[in-house]
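Inspection log for the structure reproduced underneath, given as structure tokens.
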Amino acid sequence: GQNIDQPTEMTATEGAIVQINCTYQTSGFNGLFWYQQHAGEAPTFLSYNVLDGLEEKGRFSSFLSRSKGYSYLLLKELQMKDSASYLCAVSDSGSARQLTFGSGTQLTVLP
Amino acid sequence: NAGVMQNPRHLVRRRGQEARLRCSPMKGHSHVYWYRQLPEEGLKFMVYLQKENIIDESGMPKERFSAEFPKEGPSILRIQQVVRGDSAAYFCASSIQENQPQHFGDGTRLSIL
């Protein structure tokens with residue numbers, strides 16, 4: 001089976017930087033995804049890591065360490081609209097078609 | 001709108017009725033996935049389909065739930081004889097290939113009275 005852990009809630013200030021961590025345990029590994037979900041809306045794809053290292057995409061970056069079963073999503077220059085739930089999801093090599101999601105981290109950005 | 005389209009956005013049913021949820025994938029995507037999200041919980045995988053084939057239904061309850069993706073038309077998730085515990089948001093996602101990023105629709109919020 002798979003186990004994915006991420007903090008339930010985080011709070012940060014507008015303009016700051018925040019790092020959302022995700023640890024996972026899988027029998028195999030075929031990629032890690034981050035999604036953003038605003039309340040009542042669809043999850044929106046943010047990033048995909050399959051190799052170790054940092055992937056940067058504008059204000060958002062995602063890091064992966066396969067040996068440690070660890071990833072983080074880094075959000076820079078926070079804006080009020082970044083208040084949302086951030087979902088970490090893993091695809092394991094045994095069932096590459098399905099994603100196993102963590103429960104999500106609810107980020108609140110304060111003025 | 002070239003995104004994943006789901007309808008209806010909201011669906012209310014009484015216990016014992018049938019619920020039919022529809023999903024049209026993004027243009028060019030032939031891989032469809034259904035997930036369920038209970039209040040305060042994460043998304044849970046239900047079923048993965050390609051055109052006319054169910055590839056993986058390991059997350060789908062064995063009874064009352066079924067899914068299809070016909071050659072023509074949208075994918076359908078059908079829940080028969082609904083119960084209160086079926087109340088949830090049901091999301092559909094599509095991808096261009098397996099293990100490529102899945103893109104989600106806005107979901108159908110099912111409420112059982």
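Atom set for the values below is all heavy atoms of this structure, side chains included, hydrogens, waters and symmetry mates excluded. Order of the sequence lines sets the chain letters (A, B, ...), proteins ahead of strands, with each chain counted from 1.
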Inter-residue atom distance A:Glu41.CD - B:Phe104.CZ, 0.5 Å rounding:
14.5 Å
Residue B:Gln37 versus chain A: region with a heavy atom under 4.5 Å
side chain
Is chain A contacted by the side chain of B:Ser58, its backbone, both, or neither, given a heavy-atom distance below 4.5 Å?
side chain
Greatest number of heavy atom pairs closer than 4.5 Å to chain B - which of A:Pro43, A:Gly40, A:Ser103
A:Pro43
Assess whether atom [atom1] of [X] is packed by more than 12 heavy atoms of other residues, nucleotides or ligands within 6.0 Å.
X       : atom1 : result
A:Glu77 : CD    : no
A:Gln19 : CD    : yes
B:Arg20 : CZ    : yes

Restricting to side-chain hydrogen bond (donor to acceptor under 3.5 Å, both in side chains), what partner residues turn up for B:Tyr48, sequence neighbours left out?
B:His31, B:Gln50, B:Glu98
Single-linkage hydrophobic cluster [X]~[Y], side-chain heavy atoms < 4.5 angstrom:
X        : Y        : answer
A:Val109 : A:Leu74  : no
A:Met80  : A:Leu110 : no
B:Ile55  : B:Phe91  : yes

Residues 44-73 of chain A: residues contacting chain B (heavy atom under 4.5 Å, by number)
A:Phe45, A:Tyr48
Where do B:Gly105 and A:Ala42 come nearest, in terms of heavy atoms and distance?
O-CB, 2.8 Å
Minimum heavy-atom distance between B:Gln102 and A:Tyr35, given as atom pair plus value
O-OH, 2.6 Å
Honestly, the part of A:Gln106 sitting under 4.5 Å from a heavy atom of chain B is neither
Look at B:Gly59, B:Gly107, B:Pro101 and state which one has the largest set of heavy-atom pairs under 4.5 Å with chain A.
B:Pro101
Is it true that B:Tyr35 and A:Phe101 have ring centroids separated by less than 6.0 Å?
yes
Residues clustering with B:Phe65 (ILVMFWY side chains joined when closer than 4.5 Å, directly or via others)
B:Leu11, B:Leu21, B:Val32, B:Trp34, B:Met46, B:Val47, B:Leu49, B:Ile54, B:Met60, B:Phe69, B:Leu77, B:Ile79, B:Val82, B:Tyr90, B:Leu110, B:Ile112
Share the residues that join B:Val12 in a hydrophobic cluster, the rule being Ile, Leu, Val, Met, Phe, Trp or Tyr side chains under 4.5 Å apart at the heavy-atom level.
B:Leu113
